[in-house]
Amino acid sequence: MSLLSPLPLLHSFSSTVATKSTASRITATPSKIRFSVINATSENGNSGGSKNDRDEDPSFNPFGFVTDNPSSRSAIQLPESPAEDGNVGQMLYRTEDKGKEYGSTIKSGKLRWFVRETGSKESRRGTIVFVHGAPTQSFSYRTVMSELSDAGFHCFAPDWIGFGFSDKPQPGYGFNYTEKEYHEAFDKLLEVLEVKSPFFLVVQGFLVGSYGLTWALKNPSKVEKLAILNSPLTVSSPVPGLFKQLRIPLFGEFTCQNAILAERFIEGGSPYVLKNEKADVYRLPYLSSGGPGFALLETAKKINFGDTLSQIANGFSSGSWDKPTLLAWGIADKYLPQSIAEEFEKQNPQNVKLRLIEGAGHLPQEDWPEKVVAALRAFF
């Protein structure tokens, strides 16, 4: 039985998903699905999930995601008329044109990148390049980019190779998902985009997000100012369970093909549950083919967490890094505690300034983009 297909529900379940004005409590049984509506609000307009909803989830249940993830139920519930809805083909048809705001495909060498762009080269305030982390995509920056271009900035946000709507080459055929290859590919892309140095760089997240930071350390002359959203920054930064699972032989191959992997990871680090229309976009690459999952798998296997975090901690410390740096930190991050940001700031207090973002989790640009925009505008 395919994990992407609707599975029989073997027991009753219920949960609450909060939206901007209402929340639907969904109770499903093997024979039918019942809906009732209760009033709820979310301060920033995102879907809200209660803390207990996620804290009580088992650490891993290979089939648990079928019933315990509120944002994914529209994709995996068995409807009363399965032929009309609920299958992978229908989901792809419904979502294939979503999530490509401001984006186009750019050829760079042998690779095709999906790159979002707002503003123009003549923008008076300079160019900002946004780098996402794993297992997400540049879609998370769409609102921040739009508002910053309105404020006079020229913005780019690429999907890293292997992620989102960019190419996902098979390992061994021109790209092996190593740090060196990511850096080289990023350099070539900046040339194709004609990004003039120095520019403003914004980095967030794990794996490829960390490679964005190590790229900056190798290219300080190209960076005018650096803004870091929630990212592992010290050797004491915890590694989420997902990336540990991906490194386990066979188990990793199974894990990487979970079609709702990305949205689950986002929700796991956030105080909110994604609205379905957002979850659709994060889900789409993993539904389209096995490529994104295996790209993520290779990236997780190739990274040396200890070495990478040591590079970052030492490279941005006093005496090594003199560029103005902002830490815009979502304090509700369930993966990386606030103490990581505070420890990082103390290593270089002259150049690193911490700004806490209340109400935001691991992806503050998704959870509360307006606050991220305010922090970046003041900094840049």
Side-chain angles (χ1 to χ4, degrees), residues 1-7 60-66 69 71-77 86-100 103 105 110-114 132-140 158-178 181-182 185 205-209 211 240-268 274 276 278-303:
M1 180 179 294
S2 169
L3 293 181
L4 300 180
S5 304
L7 299 180
F60 177 74
N61 174 356
F63 300 103
F65 62 79
V66 175
N69 187 25
S71 74
S72 302
R73 292 198 180 120
S74 65
I76 56 180
Q77 283 177 338
N87 59 70
V88 173
Q90 287 287 343
M91 285 186 283
L92 290 174
Y93 178 78
R94 187 178 70 243
T95 62
E96 62 184 353
D97 293 325
K98 288 186 177 181
K100 296 186 178 181
T105 299
K110 296 182 179 180
L111 299 170
R112 292 174 301 175
W113 294 70
F114 182 80
H132 70 85
T136 63
Q137 51 176 288
S138 64
F139 176 72
S140 64
D159 287 346
W160 281 110
I161 296 301
F163 295 84
F165 301 106
S166 289
D167 273 352
K168 303 159 187 72
Q170 184 177 350
Y173 291 85
F175 198 83
N176 288 312
Y177 300 95
T178 64
E181 288 170 310
Y182 273 119
F206 289 90
L207 300 185
V208 285
Y211 290 161
L242 168 64
F243 304 126
K244 295 178 181 178
Q245 293 170 6
L246 288 169
R247 293 159 71 93
I248 301 174
L250 298 181
F251 191 71
E253 280 75 5
F254 172 83
T255 301
C256 77
Q257 294 304 306
N258 181 344
I260 58 173
L261 177 152
E263 67 194 78
R264 290 259 325 180
F265 184 81
I266 294 170
E267 292 177 340
L274 287 169
N276 281 325
K278 297 178 183 179
D280 278 345
V281 179
Y282 289 109
R283 181 188 303 140
L284 180 57
Y286 297 91
L287 283 172
S288 300
S289 75
F294 286 116
L296 174 65
L297 178 71
E298 287 298 314
T299 304
K301 285 183 175 180
K302 297 291 173 58
I303 193 171

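Because the structure is predicted, anything quoted here is derived from the model rather than measured.
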L261 versus C256, closest heavy-atom pair with distance:
CD1-CA, 4.0 Å
Atom pair OG (S288) and CZ (F165), whose distance is rounded to the nearest 0.5 Å
7.5 Å
Over 60° means perpendicular and under 30° means parallel, so tell me whether F206 and F265 are parallel, tilted or perpendicular.
perpendicular
Rounded distance [0.5 Å steps], OG in S166 versus CH2 in W113:
6.5 Å
Tell me whether Y211 contacts the main-chain N or O of E181 through its side chain, where contact means a donor paired with an acceptor under 3.5 Å.
no
To the nearest 0.5 Å, how far apart are OG1 in T178 and CZ in F175?
6.5 Å
What one should report as the nearest heavy-atom pair of P285 and V281 is CD-O, 3.2 Å
Go through L284 and K100 one step at a time and tell me if the side chain to side chain contact (heavy atoms under 4.5 Å, CB included) criterion holds.
CA-CA 11 Å; L284 180 57; K100 296 186 178 181; 5.8 Å; no
Say whether, by atom type as modelled, one donor and one acceptor occur between the side chain of H132 and the main chain of W160 under 3.5 angstrom.
yes
Sub-3.5 Å donor-acceptor pair from the side chain of D167 to the main-chain atoms of I161, do we have one?
no
Could you report the tightest heavy-atom contact between Q137 and D159, atom names first, then the distance?
CB-OD1, 3.6 Å
For the student: nearest non-hydrogen atoms of F163 and A134, plus distance:
CE2-CB, 3.7 Å
At what distance, to the nearest 0.5 angstrom, does OH of Y282 lie from CD1 of I266?
4.5 Å
If only atom types and distance count, is the side chain of Q257 paired as donor or acceptor with the main-chain N or O of G290 below 3.5 Å?
yes
When you look at Y286 and L296, which way does the side chain to side chain contact (heavy atoms under 4.5 Å, CB included) test go after all the steps?
CA-CA 10 Å; Y286 297 91; L296 174 65; 4.2 Å; yes
Quick note, side chain to side chain donor-acceptor pair (under 3.5 Å) partners involving residues 289-302, not counting sequence neighbours, are Y182-T299, E253-K301, E298-K302
Sidechain-backbone polar pair: R283 side chain, A259 backbone, donor-acceptor under 3.5 Å:
no
Heavy-atom closest pair, residues T255 and Q245:
CG2-OE1, 3.8 Å
Heavy-atom closest contact (P171 atom, Y177 atom, distance):
CG-CE1, 4.1 Å
Within a radius of less than 6.0 Å around CZ of R112, do more than 12 heavy atoms belonging to other residues, nucleotides or ligands occur?
no
